[in-house]
Amino acid sequence: MKTDIGHLGYCTNIHPGESWADHFAELQRAIPSLKAQLPLSEDGSQPRPFGIGLRLSNQASEELEQPENLVAFQHWLADNDCYVFTMNGFPYGGFHHTVVKDQVHAPDWTTEARVEYTKRLFRLLAILLPVDELGNAIQGGISTSPLSYRHWFEWNQPAARDYLFSQTTQNLLEVVAELITLRQQTDRLMHLDIEPEPDGLLETTDEFIAWYTDYLLPMGIEQLTEQFGLTDEAAETAICEHVRLCYDVCHAAVSYERPVDVLDKLKKYGLRVGKVQISAALKADFPADNATNRAAVKETFARFNEPTYLHQVVARTTANQLLRFADLPDALAAFDDTHAEWRAHFHVPLFADGYGQLHSTRDAITEVIQLQKERSFTNQFEVETYTWDVLPAELKTNLVDSIARELSWVAKQL
């Protein structure tokens with residue numbers, strides 16, 4: 001929906017369905033009921049057009065590209081007063097009812113499969129993006145993986161890292177060229193939004209900036225000046241328009257990144273936020289002088305250990321060092337008296353602040369929204385809590401009701 005700070009919607013990666021028919025059936029079941037639960041507009045009218053962050057598997061994207069399916073979806077969007085303003089192109093394959101873990105990164109940006117999948121998503125988005133009240137197409141973005149998963153490679157070898165960054169960047173530039181061409185053909189400005197995540201090739205804002213300045217810009221300027229006849233300045237401008245940061249608030253909070261620092265660093269280098277994924281992580285302090293309470297905190301974290309998704313943990317020690325663990329079981333096994341705080345990559349409901357001994361990082365969301373009011377650094381906000389099926393039993397509630405509560409909580413922050 002269009003709000004005072006930009007477009008707001010929720011990511012449909014919370015719904016199962018790897019084929020288009022199955023996923024579309026989930027949307028048809030959920031969204032009308034969800035819209036009916038949203039509060040009326042200030043003037044008492046029905047809610048504004050409903051924004052969707054569409055997630056398509058590779059299979060579903062191939063099937064939606066069939067003209068009869070695409071036309072039917074467009075008609076459904078119009079009939080239900082909905083619109084697509086962003087897409088999630090991170091998970092390529094199965095994302096529900098299967099073990100995902102590190103395979104969420106596969107195929108990664110070393111592969112042509114990732115390139116072709118992402119191009120297809122942008123072709124679809126170019127068709128689905130609506131126009132504004134003046135008849136101009138709105139901008140749209142697609143979030144994607146942080147290039148790959150670092151534990152698949154010899155990460156400690158500088159030569160191996162250099163080759164990996166060069167290879168993934170070269171493939172990603174194929175998509176940049178496609179976006180430049182699509183803009184020339186359709187007048188739609190679309191951007192690929194890189195989503196740093198713990199243990200990705202790009203974990204943090206600092207690593208995103210380093211990759212951008214050390215690889216993407218120099219390689220991209222050389223390629224685009226030759227391919228499109230651009231000047232160096234125009235090529236750099238095109239790259240900065242078409243490749244942006246997907247600011248996942250949960251991921252950044254797990255790495256102890258403050259929202260104002262994220263935005264200040266990007267501004268310093270002239271880089272942009274494509275969209276904000278509104279999400280919250282788990283966190284808790286470990287009492288320094290109470291072994292019983294420390295054990296209780298650890299045990300509460302253990303209740304969130306489940307076999308579907310990666311739940312990376314970053315521990316802050318009593319010496320103020322950060323220790324990274326690839327998954328929650330690794331952190332549980334390594335726990336000792338030096339651990340002062342844990343933050344875990346587990347997307348938890350936005351409308352709750354506490355989970356027994358644990359809390360969420362949703363205060364970072366409030367900070368991000370306040371910074372948007374002050375700086376207007378993006379116009380795309382997507383609620384992305386995808387873990388409803390794997391929450392502890394006592395936290396599971398009706399899915400549609402939960403999405404409505406999350407969107408209502410965000411709306412109140414506006």
Passing candidate, ring pair (Phe, Tyr, Trp, His ring centres under 6.0 Å) with F301, options F346, F335, W342: W342

Output field: ring centroids H96/Y386 closer than 6.0 Å: no

Cation-pi check, R114 onto Y92 ring (under 6.0 Å, within 45° of axis): no

Separation of Y163 OH from T110 OG1 (nearest 0.5 Å): 8.5 Å

Ring-ring centroid check Y309 H347, cutoff 6.0 Å: no

Test item: S279 side-chain N/O and C250 main-chain N/O as donor-acceptor pair under 3.5 Å: yes

Atom pair CD (Q167) and CG (L172), whose distance is rounded to the nearest 0.5 Å: 12.5 Å

Distance in Å, K412 NZ paired with T366 OG1, rounded so as to fall on 0.5 Å steps: 13.0 Å

side-chain contact (heavy atoms from CB on, under 4.5 Å) partner of Y10, chosen from L34, I278, T385, V410: L34

Residue E233 excluded, over 12 heavy atoms near CD under 6.0 Å: no

Flag for D199-H151: side-chain donor and acceptor within less than 3.5 Å: yes

Backbone N/O of E203 and side chain of E207: donor-acceptor pair under 3.5 Å: yes

Closest non-hydrogen atom pair between R188 and L129, with its separation: NH2-O, 3.7 Å

Side-chain (D327) to main-chain (H311) donor-acceptor, under 3.5 angstrom: yes

CD1-CG distance between I5 and N379, expressed to the nearest 0.5 angstrom: 10.0 Å

Under 3.5 Å side-chain donor-acceptor pair for D108 and S148: yes

Donor + acceptor pair across side chains of H339, T317 (<3.5 Å): no

Full working for ring pair (Phe, Tyr, Trp, His ring centres under 6.0 Å) between Y212 and Y269: CA-CA 10 Å; Y212 210 109; Y269 288 90; 9.6 Å; no

K267 atom NZ, neighbour heavy-atom count above 12 within 6.0 Å: no

Test: E62 and R120 ion pair at under 4.0 Å: yes

Distance in Å, L263 CG paired with E374 CD, rounded so as to fall on 0.5 Å steps: 10.0 Å

Shortest non-hydrogen contact between L358 and A284, atoms and distance: CD2-CB, 3.6 Å

Test item: E63 side-chain N/O and W20 main-chain N/O as donor-acceptor pair under 3.5 Å: yes

